[in-house]
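Have a look at the structure below, then the notes.
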Amino acid sequence: MSDLTGKIALVTGATSGIGRATAIALAARGADVVISGRNAGRGAEVVEKIEADGGTARFVAADLAVEDDVRRLAEQVGAVDILVNSAGAGAFGPSAGFTTEQYNTLFDSNVRAIFLLTAALAPKMAGRGGGSVINVSSGSAVLGDENNAIYVATKGAVNAITRAFAAEYGPSGVRVNAVSPGPTYTSAPAIWLDRYIDLIPLRRVGRPEDVAEVIAFLAGPGGSYVNAAVIPVDGGLTAVEPPKPPARTENWIQQS
Ligand SMILES: NC(=O)c1ccc[n+]([C@@H]2O[C@H](COP(=O)([O-])OP(=O)(O)OC[C@H]3O[C@@H](n4cnc5c(N)ncnc54)[C@H](OP(=O)(O)O)[C@@H]3O)[C@@H](O)[C@H]2O)c1
């Protein structure tokens with residue numbers, strides 16, 4: 001459990017949910033973790049939890065929808081070995097109800113921030129002998145998800161930029177991958193997520209720790225030959241057909 005000793009990690013969206021669980025998992029493996037998010041109170045709670053468990057962490061506030069904040073965050077953390085882009089925001093509802101500004105803000109926080117942070121930090125990783133970038137995408141990127149057009153477009157872009165960055169930085173020893181969670185118990189009401197249970201082959205909604213374990217694997221030496229991958233962590237949701245209605249047992253031939 002100490003395969004990340006001596007490594008420095010930046011985890012965005014680490015004040016909650018999957019990012020929080022990832023920060024805790026990386027710290028438990030010995031990484032020195034920079035926790036980022038907007039909410040300083042929740043950031044302090046994660047730092048305290050990691051320190052109480054014997055790890056090291058600090059909080060750096062940033063609103064990733066604001067370009068200057070993203071650039072300041074990259075400067076403040078300096079050089080890292082691991083970058084986990086977990087921060088992300090959703091927007092649900094009929095598409096005609098969204099403004100261009102809301103559309104742009106979603107792309108700024110969910111895609112532009114990944115672009116700016118990776119472009120700033122991956123070359124420094126290369127200078128330290130290599131590194132690992134892990135983006136948190138979504139199974140929604142590969143499914144037609146009703147009333148979710150902006151979010152799924154941002155996550156489709158996350159999958160695409162993951163592969164493009166893997167091609168760009170792979171030759172200098174920086175691996176770039178994504179995890180693609182299915183419904184996972186975090187800040188969304190459980191009642192929304194539980195509607196998926198019958199569609200998930202494992203018949204349960206994910207936990208933040210389920211995703212964090214895969215991210216920690218990708219960050220460490222076990223993932224050393226994994227690059228440009230988008231790994232579903234969804235209990236099989238996006239790989240199988242949904243349950244079918246009961247099989248027909250009577251013979252029937254269409255007449256017209
Ligand atoms: N939970 C799911 O079912 C699910 C499924 C598929 C994919 N995902 C993806 O998983 C990632 C993590 O989400 P989660 O489920 O863990 O949600 P969460 O518990 O709501 O956490 C979201 C995190 O993102 C941060 N964040 C959001 N907008 C930000 C901004 N503009 N600037 C800085 N930080 C921002 C929040 O930080 P602050 O609150 O401190 O600002 C928070 O730490 C997201 O990319 C999401 O799209 C989640």
Side-chain angles (χ1 to χ4, degrees), residues 10-25 33-47 57 59-74 76-77 83-92 101-102 104-114 116-117 134-143 145 148 150-159 161-162 178-197 199-200 204-212 214-215 230-235 237-238:
L10 167 61
V11 182
T12 72
T15 54
S16 179
I18 292 167
R20 178 183 183 277
T22 298
I24 291 168
V33 185
V34 179
I35 309 293
S36 191
R38 292 167 299 189
N39 189 308
R42 281 193 273 112
E45 182 275 325
V46 182
V47 171
F59 174 70
V60 178
D63 182 344
L64 298 186
V66 177
E67 181 177 355
D68 286 350
D69 261 27
V70 182
R71 294 192 185 281
R72 181 184 47 77
L73 173 63
Q76 268 183 267
V77 298
L83 167 63
V84 179
N85 290 303
S86 188
F92 306 102
E101 190 185 359
Q102 289 166 327
N104 287 337
T105 300
L106 258 285
F107 268 83
D108 289 348
S109 61
N110 291 11
V111 185
R112 187 181 68 184
I114 292 178
L116 293 173
L117 286 175
I134 301 110
N135 299 323
V136 181
S137 181
S138 169
S140 300
V142 297
L143 298 170
D145 199 9
N148 203 4
I150 305 176
Y151 178 76
V152 302
T154 68
K155 293 304 186 179
V158 170
N159 291 355
I161 207 170
T162 296
V179 293
S180 184
T184 307
Y185 291 123
T186 59
S187 59
I191 194 167
W192 291 5
L193 302 163
D194 289 343
R195 291 178 309 168
Y196 290 90
I197 288 176
L199 304 177
I200 299 170
R204 70 171 177 85
V205 167
R207 300 172 296 241
E209 293 75 18
D210 294 323
V211 185
V214 180
I215 295 173
V230 178
I231 300 180
V233 189
D234 62 6
L237 175 66
T238 53

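Keep in mind the model is a prediction, meaning the values are calculated, not measured. As the structure lists them, so they are numbered: ligands from 1, and atoms in each ligand from 1.
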State, to 0.1 Å, how close [X] and [Y] come at their nearest heavy-atom pair, and which atoms those are.
X    : Y    : result
T154 : N110 : OG1-ND2, 3.1 Å
N159 : S137 : OD1-OG, 2.7 Å
V136 : P181 : CG1-CG, 3.8 Å
F107 : A157 : CE2-CB, 4.5 Å

Handout entry: L64 backbone acceptor or donor facing S109 side chain under 3.5 Å
Key =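 Answer holds: no.
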So is [X] polar-close to ligand 1, meaning N/O to N/O under 3.5 Å?
X    : value
I18  : yes
S36  : no
S109 : no
G13  : yes
G139 : no

Work out whether the distance between some heavy atom of [X] and some atom of ligand 1 is less than 4.0 Å.
X    : answer
A65  : yes
Y151 : yes
R20  : no
G206 : no
S180 : no

Exercise for the section: Name the closest protein heavy atom to atom 41 (O) of ligand 1, giving the residue it belongs to and the distance to 0.1 Å. Expected result: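 Scanning the protein heavy atoms, the shortest distance from atom 41 (O) of ligand 1 goes to R38 NE, 2.5 Å.
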Problem - Protein heavy atom at shortest distance from atom 36 (C) of ligand 1 - result: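 Checked against all protein heavy atoms, atom 36 (C) of ligand 1 sits closest to T15 OG1, 3.9 Å.
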Practice task
Verify the neighbour count for atom OH of Y196: are there more than 12 heavy atoms of other residues, nucleotides or ligands below 6.0 Å?
Solution key: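 Counting other residues, nucleotides and ligands, OH of Y196 stays at 12 neighbours or fewer.
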Handout entry: For ligand 1, the portion of A62 having any non-hydrogen atom under 4.0 Å away
Key =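 For A62, only backbone atoms sit under 4.0 Å from ligand 1.
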Exercise for the section: Hey, can you tell me if F92 and Y151 have their rings parallel, tilted or perpendicular (30° and 60° cut-offs)? Expected result: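 F92 vs Y151 ring planes: tilted.
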Handout entry: Criterion salt bridge (Lys or Arg N to Asp or Glu O under 4.0 Å) on D145 and K155, from CA distance to verdict
Key = CA-CA 12 Å; D145 199 9; K155 293 304 186 179; over 6 Å; no
